[in-house]
Number of protein chains: 2
Amino acid sequence: MASLKDVALKAGVSPATVSRVINKSFLVEQQTKQKVIKAMEELGYSPNIMAQNLSKKENFLIGVIIQDICNPYFAGILKALENEIYDLGYNIIFLHSDSNLFKEKNCIKSIMKMRPDGIIITPIEWNSENILKLKNIDIPVVILTKIFEEFNGVAINHKEGGAQIARHFYDLGYDKIAYLGNNNDKFQGFQEELQFLNKKLYSYLEISLDKYDFKMAKFLVKEAIENYIKNNKELKFNAIFAENDILALELISVLKEFGKKVPEDIAVAGFDNSFFSEHFGITTVSQPINEISKLAVKILIDNIKNRNKVLERIELTPRLLPRNSTMILK
Amino acid sequence: MASLKDVALKAGVSPATVSRVINKSFLVEQQTKQKVIKAMEELGYSPNIMAQNLSKKENFLIGVIIQDICNPYFAGILKALENEIYDLGYNIIFLHSDSNLFKEKNCIKSIMKMRPDGIIITPIEWNSENILKLKNIDIPVVILTKIFEEFNGVAINHKEGGAQIARHFYDLGYDKIAYLGNNNDKFQGFQEELQFLNKKLYSYLEISLDKYDFKMAKFLVKEAIENYIKNNKELKFNAIFAENDILALELISVLKEFGKKVPEDIAVAGFDNSFFSEHFGITTVSQPINEISKLAVKILIDNIKNRNKVLERIELTPRLLPRNSTMILK
DNA sequence: GTGAAAGCGCTAACAA
DNA sequence: TTGTTAGCGCTTTCAC
């Protein structure tokens, strides 16, 4: 593969001039520029970005680590981030942690090797070792979809989202209210609001974190329901909040398998407003993906350009989208 | 950020020794190795991959360009590719062309700058300029989900997939058969099989390629249906093949809006077996994503290790999955 | 088993 | 406006 030196030789100029044509072409005379461009084309020259970055301070690279690219919600975030980032002239290094803490660790390691100007990450776990490690690096980091004490972050208020579902169930008169998922902020907000309304959580169907994976959702849901039935003989709750739309989707099919009608027998609500939830009429809480992404990039770039900025933690308000899975439409 | 030199200084050894610890640690004595490792940890050292790659010939980087990451089908491919590639000790540079030829061009440009050892791409268009440009590079390329004359490639036989849908409609007795999508191999196979069965395509609802984007699917489908109605007064076909599951999904809701029942009034079939199609009971054609990805990586690595190999073009057989959207289940 | 030195492909002073 | 030179952080001969 042709190098800058080859181009210089072919064009009969110095390497520096070729470099100028690439980076600050306004500094070079029209005529020489044309010679150089011609040589580049003839050689099919493409600058070696590794070498470029080695000799520059800023390399216009932003690392993005996404948790589960098969989840349309995260795919949407990545796409929104891309749009923002490219517009600003930066490039993205995307890495996929695949909801796996070990892989996430490797993602962070890999990204650090590339010396990005900044990092945006949707972390798998609250306060995992992986994230703590990010505290001690000298590269700006923005955490997405979760808020951490000592990091920049953009997220919706998950507690409020959970609370919205609780109020929704309450308003509709459901009295045996369950939760399916992990013990997280959504769950906390859900539970606190129930308490505030003088209700108690009727059942907690746990999905253990370390096994959680998009492809396994169906299996996990089934397992959770079967466990519940083993312990309680039958499905006794009449409303259930699943921590995300994928779980909700799977839950609805599993409930059907067990002869339950949704929402007549059991109401189901999800979270995220993934693209399919509208089609399925799943009641959910919408996250403003574009706004989140836009803010994340803004904060990151601010931090890159202007170090030692104070941390920014922005919480956006989620919005309940009531649909058929909790309400019988007339 | 600490450099190899800093580590060498701190450990009291030469840079070369530090490099050996990183790459060929068996060549260095236990004791020195420990000193070096300690220094690396204390400095939080992480090798600069840009510099590493600059001085190596092979850099264990594979570029992957995906067409539409928000489409679960492509997200699944990316994930499957990742698993294969990481297992072999390579890293992935993922780029997203977003079903946009201009962006695809930039993706290719960017990837070339990184000097990957190989490239895997799901191209947007048959024979676009972008793809033709890949012919003249000295890096192995594997094309996914489409088969091109002069490239390595892995795909299902799309014509056969289309034909399967045609036979399915025929077997079920549908007589007014339509197609929604682009003029591609699926469509060709679909149409040819209809002809073979002495049927004619009843209607062709085109979705123009350059506008096609996942997020716009709903809009495009609606537009196509409205156009159809404008020209034909009412929806006259009783079975329709949408070129992928996303279109099929959107189509089903749009048809419902127009008062049609699926499949009683109109049968709908999709393509890809995206994860949601099972839940919706959408008849579809399944693509063996894992097998495709595994083969693609295998071919690519073969080509990397062993240049001047003959081209490999593998076509896998798709499989029809009949579901409720075309058949009334008893 | 280890170090010195050259070089990967590029950019960025500095000089001319 | 252009060329010369040093150097980015690493690997890799070649000596020792």
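So you know, we letter chains A, B, ... as the sequences are listed, proteins then strands, and number each from 1. The structure displayed is predicted, hence computed values, not measured ones.
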Within a strict 4.5 Å, meaning less than it, do heavy atoms of the [X] and [Y] side chains meet?
{"X": "Tyr90(A)", "Y": "Ile301(A)", "result": "yes"}
{"X": "Ile111(A)", "Y": "Phe94(A)", "result": "no"}
{"X": "Lys35(A)", "Y": "Val13(A)", "result": "yes"}
{"X": "Ile92(A)", "Y": "Leu95(B)", "result": "no"}

Proximity to the side chain of [X] - top-ranked nucleotide from [options]:
{"X": "Lys56(B)", "options": "dT12(D), dC10(D), dT11(C)", "value": "dT12(D)"}
{"X": "Pro47(A)", "options": "dC14(D), dC10(C), dT11(D)", "value": "dC10(C)"}
{"X": "Ser3(A)", "options": "dA4(C), dC10(D), dG9(C)", "value": "dG9(C)"}
{"X": "Thr32(A)", "options": "dT11(C), dT2(D), dA4(C)", "value": "dT2(D)"}
{"X": "Leu54(B)", "options": "dG1(C), dG9(D), dC10(D)", "value": "dG9(D)"}
{"X": "Ser55(B)", "options": "dG7(C), dT2(C), dC10(C)", "value": "dG7(C)"}

Are any of [X]'s side-chain N or O atoms less than 4.0 Å away from OP1 or OP2 of [N]?
{"X": "Asn23(B)", "N": "dT11(D)", "answer": "yes"}
{"X": "Ser14(B)", "N": "dG3(C)", "answer": "yes"}
{"X": "Ser19(A)", "N": "dT11(C)", "answer": "yes"}
{"X": "Lys57(A)", "N": "dA12(C)", "answer": "yes"}

Euclidean distance, atom [atom1] of residue [X] to atom [atom2] of [N] [Å, nearest integer]:
{"X": "Asp6(A)", "N": "dC8(C)", "atom1": "CG", "atom2": "C1'", "result": "13 Å"}
{"X": "Met112(B)", "N": "dG9(C)", "atom1": "CE", "atom2": "P", "result": "14 Å"}
{"X": "Ile22(A)", "N": "dA12(C)", "atom1": "CD1", "atom2": "P", "result": "11 Å"}
{"X": "Asn48(B)", "N": "dC8(C)", "atom1": "CG", "atom2": "P", "result": "18 Å"}
{"X": "Gln52(B)", "N": "dC8(D)", "atom1": "CD", "atom2": "C1'", "result": "14 Å"}
{"X": "Arg20(B)", "N": "dC14(D)", "atom1": "CZ", "atom2": "C1'", "result": "11 Å"}
{"X": "Leu4(A)", "N": "dG7(C)", "atom1": "CG", "atom2": "P", "result": "18 Å"}
{"X": "Lys5(B)", "N": "dA5(C)", "atom1": "NZ", "atom2": "P", "result": "13 Å"}

What contact category does [X] fall into here, base, sugar-phosphate, or nothing, at under 4.0 angstrom with non-hydrogen atoms?
{"X": "Asn53(A)", "result": "nothing"}
{"X": "Tyr45(B)", "result": "sugar-phosphate"}
{"X": "Lys24(A)", "result": "sugar-phosphate"}
{"X": "Val13(B)", "result": "sugar-phosphate"}

Should we count NZ of Lys103(A) as having more than 12 external heavy atoms under 6.0 Å? yes

Looking at Asp6(A) and Ser3(A), would you say the former's side chain and the latter's main chain have a donor-acceptor pair under 3.5 Å? yes

Do Arg115(B) side-chain and dG9(C) base share a donor-acceptor contact under 3.5 Å?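 Side chain to base: no pair present.
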
